[in-house]
Trainee: 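Starting off with a structure, shown below.
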Amino acid sequence: MFTGIVSDIGRIVRIEPRGDTRVRIATAYDTATVDLGASIACSGVCLTVVDKGRDEAGDWFAVDVSGETVARTAPGQWHEGRALNLERAMKLGDELGGHIVTGHVDGVATVLTVERTGDSHRIGLRVDAALAPFLAVKGSITIDGVSLTVNEVADQDASTHFWVNLIPHTWSVTTLGALAPGQAVNIEIDVLARYLQRMEHYRGR
């Protein structure tokens, strides 16, 4: 379980094709404090630490990314050089600064616009209409592992557009500061909305 508050920006330094894809990620975390088997959210994807170490470049950890995960996450995410928002799993007693995040991606959104508004940035995104019922103004959304608030929602014929605001701090300490139109990002809807989705499915049967 996570909060959507990014605590490091890691970078993919090695890709090893196996049965799954072994991904090595450079990090500022002290990996001596990271247990094998621990969960780390990587741009919104909950992954298990399967190896770790320290070399001349610094600390790193490795995760195995399944074909299912590759298929359901943003295209181009699992390549050498890619920057990733990192968050270690929440511990009991930790401050819940964002919202409850599971690290299970519900879909991929496409960035439509990036506009500066004062010192902040307003980001417009498009998602498939299937996610439309779970986007609400003032509701929570996770974009590439970052907890954000939905500011506006506009339903289209085959998709839904929504907007979020990034304050300067979020812009500077996450990978979202490099967003550009056309870029794909991972989306996780609020966990309560996910359960409501399941309830509505059974109600309609």
Trainee: Honestly curious: do Ile100 and Ile189 fall in one hydrophobic cluster under the side-chain, below-4.5 Å linking rule?
Mentor: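 Hydrophobic grouping puts Ile100 apart from Ile189.
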Trainee: Can you list the steps and then say if Phe61 with Leu86 is a side chain to side chain contact (heavy atoms under 4.5 Å, CB included)?
Mentor: CA-CA 11 Å; Phe61 66 92; Leu86 303 181; 4.0 Å; yes
Trainee: Between Val127 and Ser159, is any pair of side-chain heavy atoms under 4.5 Å apart?
Mentor: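 No, too far: nothing below the 4.5 Å cut-off.
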Trainee: Show your reasoning for whether side chain to side chain contact (heavy atoms under 4.5 Å, CB included) applies to Leu125 and Val185.
Mentor: CA-CA 9 Å; Leu125 304 104; Val185 293; 3.6 Å; yes
Trainee: Classify the side-chain pair Thr110/Gln183 by whether it contains a donor and acceptor separated by less than 3.5 Å.
Mentor: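 The answer is no; no qualifying pair exists.
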Trainee: Enter the distance from Thr170:OG1 to His121:NE2 here, rounded to the nearest 0.5 Å.
Mentor: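 That separation rounds to 12.0 Å.
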Trainee: Could you state the interatomic distance from CG (Leu148) to CG (Asn165), rounded to the nearest 0.5 Å?
Mentor: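 Nearest 0.5 Å value for the CG-CG distance: 9.0 Å.
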Trainee: Dump the intermediate steps for side chain to side chain contact (heavy atoms under 4.5 Å, CB included) on Val191 and His104, then the final yes or no.
Mentor: CA-CA 10 Å; Val191 66; His104 300 156; over 6 Å; no
Trainee: Heavy-atom distance under 4.5 Å between the side chains of Ile40 and Val63, does that happen here?
Mentor: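 Answer no - side chains too far apart.
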Trainee: Strictly by modelled atom types, are Thr69 and Trp78 linked by a side-chain donor-acceptor pair under 3.5 Å?
Mentor: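 The criterion, which ignores hydrogens and geometry beyond distance, is not satisfied for Trp78 and Thr69.
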Trainee: Are Val164 and Leu112 grouped together when hydrophobic residues (ILVMFWY) are joined by side-chain heavy atoms under 4.5 angstrom apart?
Mentor: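 No, separate clusters.
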Trainee: To the nearest 0.5 Å, what is the distance between CD1 on Ile12 and CD1 on Ile25?
Mentor: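 So the CD1 of Ile12 and the CD1 of Ile25 are separated by 5.5 Å.
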Trainee: Using the side-chain hydrogen bond (donor to acceptor under 3.5 Å, both in side chains) rule, collect all pairs that involve residues 5-28, keeping only residues at least two apart or in two chains.
Mentor: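 Output for this query lists Ser7-Tyr29, Asp8-Thr27, Glu16-Arg18, Arg22-Asp64.
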Trainee: Is there a donor in the side chain of Asp144 and an acceptor in the side chain of Ser43, or the other way round, less than 3.5 Å apart?
Mentor: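 No pair is found: no donor N or O on one side chain lies under 3.5 Å from an acceptor on the other.
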Trainee: What's the spacing between Leu131 CG and Glu188 CD if we round to 0.5 Å?
Mentor: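 Reported value, rounded in 0.5 Å steps: 11.5 Å.
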Trainee: At what distance, to the nearest 0.5 angstrom, does CG of Asp106 lie from OG1 of Thr102?
Mentor: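 One finds 7.0 Å between CG of Asp106 and OG1 of Thr102.
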Trainee: Please answer: with hydrophobic residues joined when any side-chain heavy atoms are less than 4.5 Å apart, are Val45 and Met90 in the same cluster?
Mentor: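 No, separate clusters.
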Trainee: Do you reckon Phe162 sits in the same ILVMFWY cluster as Ile167, going by side-chain contacts under 4.5 Å, direct or chained?
Mentor: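 Different clusters.
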Trainee: Write down the atom of Val114, the atom of Pro181, and the distance for their closest heavy-atom approach.
Mentor: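 Where Val114 meets Pro181 most closely, the heavy atoms are CG2-CD, 4.3 Å.
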Trainee: Show the numbers, then the answer: is there a side chain to side chain contact (heavy atoms under 4.5 Å, CB included) between Ile9 and Thr175?
Mentor: CA-CA 7 Å; Ile9 296 180; Thr175 63; 4.0 Å; yes
Trainee: Verify the distance criterion only: is there a donor paired with an acceptor across the side chains of Ser39 and Arg88 at less than 3.5 Å?
Mentor: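 Arg88 and Ser39 do not have a side-chain donor-acceptor pair below 3.5 Å.
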Trainee: Any non-hydrogen side-chain atom of Ile123 less than 4.5 Å from a side-chain atom of Trp163?
Mentor: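 They are not in side-chain contact.
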Trainee: Between the side chain of Asn186 and the main-chain N/O of Val105, is any donor-acceptor distance below 3.5 Å?
Mentor: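 Answer holds: no.
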Trainee: Could you tell me if the side chain of Ile187 sits less than 4.5 Å from the side chain of Thr142, heavy atoms only?
Mentor: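 The answer is no; the side chains never approach within 4.5 Å.
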Trainee: Checking Arg122 against Glu152 for the salt bridge (Lys or Arg N to Asp or Glu O under 4.0 Å) test, could you report, in this order, the C-alpha distance in whole Å, the side-chain angles of both residues, the deciding distance, and whether it holds?
Mentor: CA-CA 11 Å; Arg122 178 176 165 86; Glu152 184 180 347; 2.5 Å; yes
Trainee: Please determine whether residues Val111 and Ile143 belong to a single hydrophobic cluster, defined as Ile, Leu, Val, Met, Phe, Trp and Tyr linked transitively by side-chain heavy-atom distances below 4.5 Å.
Mentor: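 In one cluster: yes.
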Trainee: Using atom types as modelled and distance alone, determine if a side-chain donor or acceptor of Glu87 lies under 3.5 Å from a backbone N or O of Val6.
Mentor: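 Checked: no pair found.
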Trainee: Measuring from Leu166:CG to Leu179:CG, what's the distance to the nearest 0.5 Å?
Mentor: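 Leu166 CG to Leu179 CG: 7.0 Å, rounded to 0.5 Å.
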Trainee: Could you check whether any side-chain heavy atom of Ile141 comes within less than 4.5 Å of a side-chain heavy atom of Leu135, counting everything from C-beta outward?
Mentor: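 Yes, side chains in contact.
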Trainee: So, Asn85 versus Thr174: side-chain donor-acceptor pair below 3.5 Å or not?
Mentor: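 Result is no, nothing qualifies.
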Trainee: Does any N or O in the side chain of Arg82 come within less than 3.5 Å of the main-chain N or O of Leu84, such that one atom is a donor and the other an acceptor?
Mentor: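 Not confirmed, Arg82 side chain does not pair with Leu84 backbone.
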Trainee: Check whether any side-chain N or O of Lys52 sits under 3.5 Å from a backbone N or O of Val34 as a donor-acceptor pair, and report yes or no.
Mentor: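 Here the side-chain-to-backbone pair exists.
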Trainee: So, Arg54 and Asp30, do they make that salt bridge, N to O below 4.0 Å?
Mentor: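 Between Asp30 and Arg54 there is a salt bridge, with a charged N closer than 4.0 Å to a carboxylate O.
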Trainee: Given 3.5 Å as the limit, does a donor-acceptor pair link the side chain of Asp55 with the main chain of Ala57, or not?
Mentor: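 Yes: the side chain of Asp55 pairs with the backbone of Ala57.
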